[in-house]
Amino acid sequence: MTAEYAISKDESWPPLPLGEWKETCDTLHMWTQVVGKVRLELSPHLNHWWEVPLYVTARGLTTSPIPCMRGIFEVQFDFISHELAVITSWNEARRIHLYTRTVADFYREFFDILGALGIRADIWPMPVEVPNPIRFDQDVLHSRYDPAYVHRFWRLLVTLDTIFKEFRARFLGKSSPVHFFWGSFDLACTRFSGRRAPERQSADKITKEAYSHEEISAGWWPGGGAVADAAFYAYAAPEPSGFRQAVVRPAQAFYHAELGEFILAYQDVQTAADPRAVLLEFLQTTYDAGATLGNWDRAALDKQS
């Protein structure tokens, strides 16, 4: 099935320059880490840390059901009503309003409502994958929340989640869900060759588990660090010889030597006449390069049209 978009292009592909919502983005990043760490603490470990991410919903992001002593519960970010809901299998729920407030304030209220529901989760209260981390319960620096930009962010995630799932459906082999990693704050989907990768001897346990098997991954993130603005990425791990020299499309895509990834600016997709087609072209050509150069069994792995 090919997805059709009845909403306007401006809504499905909204402008999202990081400079205009960076403070909000940073705050939301910390809030998702607080929630995501609860899922990590209470969920059984899955390969490649697949028990960690959040998932796009019709209203925002969700943890999906999390086991606990009383049954299951789910934590949902609602970016239409701008609230966080904790919903349980024993017919109790609590909600937190999302507005300009510190991470420390959000952290306290979130754990207060978990306690009121009889849910206990002991998390490490330090952010990950960010420079200069501040303990959640002490973070009064990150506090901005602009509901208009958060709504844009979520609307874009809805669009990308749909297209990434369309791309995922072309593959018959092992593939990750389309999921949102709260550590790196990116939406991603990963394909696997089926072969183990050489062990990264000096890597930490998180990296060793994440890259235990040969993979080609693609995703989107709102920007920051070596890439100043929102962008799509694609990489192969381990990277096969010749991958970085491969010709991929569209023409604006390039290999970023520092990151070890192909990069395509979100703006180049957003402003295209057919953004969906441009994005699928990027996903397909970067996969083609990695799978062919990596000697994947494409006859067995690729769905034949």
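A heavy-atom distance below 4.5 Å is not found between the side chains of Phe232 and Leu283. No side-chain heavy atom of Ser217 sits less than 4.5 Å from a side-chain heavy atom of Tyr211. With contacts defined as side-chain heavy-atom distances shorter than 4.5 Å, the pair Val178/Leu160 does not qualify. Using a 4.5 Å cut-off on side-chain heavy atoms (C-beta onward), Arg170 and Arg191 make contact. Between Leu61 and Val56, some side-chain heavy-atom pair lies under the 4.5 Å cut-off. Residues Glu261 and Thr286 are not in side-chain contact: their nearest non-hydrogen atoms beyond the backbone lie 4.5 Å or more apart. For the pair Leu42/Ile119, a side-chain contact is recorded, criterion being any heavy-atom separation below 4.5 Å from C-beta on.
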Is there a side chain to side chain contact (heavy atoms under 4.5 Å, CB included) between Gln267 and Gln270 once you walk through the steps?
CA-CA 5 Å; Gln267 187 174 18; Gln270 181 225 356; 4.2 Å; yes
Take Leu84 and Trp31, measure what side chain to side chain contact (heavy atoms under 4.5 Å, CB included) needs, and give me the verdict at the end.
CA-CA 10 Å; Leu84 182 83; Trp31 292 354; over 6 Å; no
Just do the side chain to side chain contact (heavy atoms under 4.5 Å, CB included) check on Lys22 and Asp26 with the steps written out, would you?
CA-CA 6 Å; Lys22 188 177 187 308; Asp26 289 345; 2.8 Å; yes
Apply side chain to side chain contact (heavy atoms under 4.5 Å, CB included) to residues Phe73 and Val38 and explain how you reach the verdict.
CA-CA 11 Å; Phe73 70 100; Val38 170; 4.0 Å; yes
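In this structure, Lys37 contributes its side chain and Pro125 its backbone to no donor-acceptor pair below 3.5 Å. One N or O on the side chain of Thr27 and one on the backbone of Ser143 form a donor-acceptor pair closer than 3.5 Å. With hydrogens and angles disregarded, no donor-acceptor distance shorter than 3.5 Å links the side chain of Thr190 to the backbone of Ile216. At distances below 3.5 Å, not a single donor-acceptor pair connects side-chain atoms of Thr159 with backbone N or O atoms of Trp13. With hydrogens and angles disregarded, no donor-acceptor distance shorter than 3.5 Å links the side chain of Trp49 to the backbone of Glu209. Thr24 contributes a side-chain N or O that, together with a main-chain N or O of Asp146, makes up a donor-acceptor pair within less than 3.5 Å. Side-chain atoms of Arg168 come within 3.5 Å of backbone N or O of Ser175 as a donor-acceptor pair. Remark: side-chain polar atoms of Thr32 are paired, donor with acceptor, to backbone N or O of His29 under 3.5 angstrom. Proximity of a side-chain donor or acceptor of Gln33 to a complementary backbone N or O of Val128 within less than 3.5 Å is detected. Side-chain atoms of Lys9 do not come within 3.5 Å of backbone N or O of Ala273 as any donor-acceptor pair.
Leu172 contributes atom CG, which lies 7.5 Å from atom CG of Asp302 (distance to the nearest 0.5 angstrom). If you take SG on Cys25 and CZ on Arg144, they are separated by 13.5 Å, rounding to the nearest 0.5 Å. Residue His142 holds its NE2 atom at 5.5 Å from CD1 of Ile134, rounded to the nearest 0.5 Å. To the nearest 0.5 Å, atom OH of residue Tyr107 and atom CD1 of residue Ile123 are 4.5 Å apart. Here CG of Asp139 is found 11.5 Å from CG of Asp105. Values are rounded to the nearest 0.5 Å. Residue Ile113 holds its CD1 atom at 14.5 Å from CZ of Arg108, rounded to the nearest 0.5 Å.
Taking the centre of each ring, Phe153 and Phe185 come in below the 6.0 Å mark.
Each of Tyr266, Trp221, Phe282 was compared with Tyr233 under the ring pair (Phe, Tyr, Trp, His ring centres under 6.0 Å) criterion, and only Trp221 meets it. Lys174 pairs in a side-chain hydrogen bond (donor to acceptor under 3.5 Å, both in side chains) with only one of the listed residues (His213, His48, Glu215), which is His48. Under the side-chain hydrogen bond (donor to acceptor under 3.5 Å, both in side chains) test applied with Glu74, the options Thr88, Thr63, Thr62, Thr57 reduce to a single match, Thr62. A side chain to side chain contact (heavy atoms under 4.5 Å, CB included) with Trp182 is found for one member of Val35, Leu54, Leu28 and no other, namely Leu54.
Salt bridge present: Asp161 and Lys165 bring a charged side-chain N and a carboxylate O closer than 4.0 Å. In this structure, Asp274 does not pair ionically with Arg276, as no charged nitrogen and carboxylate oxygen lie closer than 4.0 Å. Salt bridge annotation for Asp288-Arg298: present, with a cationic side-chain nitrogen under 4.0 angstrom from a carboxylate oxygen.
Glu51 and Ser43 share no side-chain donor-acceptor pair at under 3.5 Å. Side-chain polar atoms of Arg70 and Ser89 form no donor-acceptor pair below 3.5 angstrom. In the model, Asp204 has a side-chain atom that pairs as donor or acceptor with a side-chain atom of Thr207 under 3.5 Å.
Surrounding CZ of Arg120 are at most 12 heavy atoms belonging to other residues, nucleotides or ligands under 6.0 Å away.
When all heavy atoms are compared, the tightest approach of Ala228 to Leu18 is O-CD2, 3.5 Å. Looking at every heavy atom in both residues, Ala272 comes nearest to Val278 through CB-CG2, 3.7 Å. Nearest heavy atoms, Leu187 versus Phe180: N-CD1, 3.8 Å. Between Trp296 and Ser193 the shortest heavy-atom distance is CE2-CB, 3.3 Å. Between Pro53 and Arg39, the shortest heavy-atom contact is O-NH1, 2.5 Å. Taking all atoms of both residues into account, the shortest heavy-atom contact from Leu117 to Ala93 is CD2-N, 4.2 Å.
Tracing side-chain contacts under 4.5 Å through hydrophobic residues (I, L, V, M, F, W, Y), one reaches Ile206 starting from Met126; they form part of the same cluster. Hydrophobic cluster membership differs between Tyr235 and Trp220, with clusters built from Ile, Leu, Val, Met, Phe, Trp and Tyr side chains linked at under 4.5 angstrom. Note: the hydrophobic cluster containing Tyr99 does not contain Ile80 (ILVMFWY, side chain heavy atoms under 4.5 Å, direct or indirect links). Clustering ILVMFWY residues whenever any of their side-chain heavy atoms sit less than 4.5 angstrom apart, transitively, puts Leu259 in a cluster other than the one holding Tyr287. Residues Val75 and Val34 share a hydrophobic cluster, clusters being chains of Ile/Leu/Val/Met/Phe/Trp/Tyr side chains in contact below 4.5 Å.
Using cut-offs of 30° and 60° on the angle between ring planes, the pair His82 and Tyr145 is perpendicular. Ring-plane geometry between His256 and Phe254 is classed as tilted, the angle between the planes lying from 30 to 60 degrees on a 0 to 90 degree scale. By the 30° and 60° cut-offs, the orientation of the rings of Tyr55 relative to His179 is tilted.
Remark: Trp154 engages His151 in a ring-ring contact (aromatic ring centres under 6.0 Å, His included) (not counting sequence neighbours).
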Taking only distance into account, with no hydrogens and no angle test, what donor-acceptor pairs under 3.5 Å do side-chain atoms of residues 241-248 form with protein atoms, sequence neighbours excluded?
residue, atom, partner, partner atom, Å
Arg244, NE, Glu239, OE2, 3.0
Arg244, NH2, Glu239, OE2, 3.2
Arg244, NH2, Tyr255, OH, 3.2

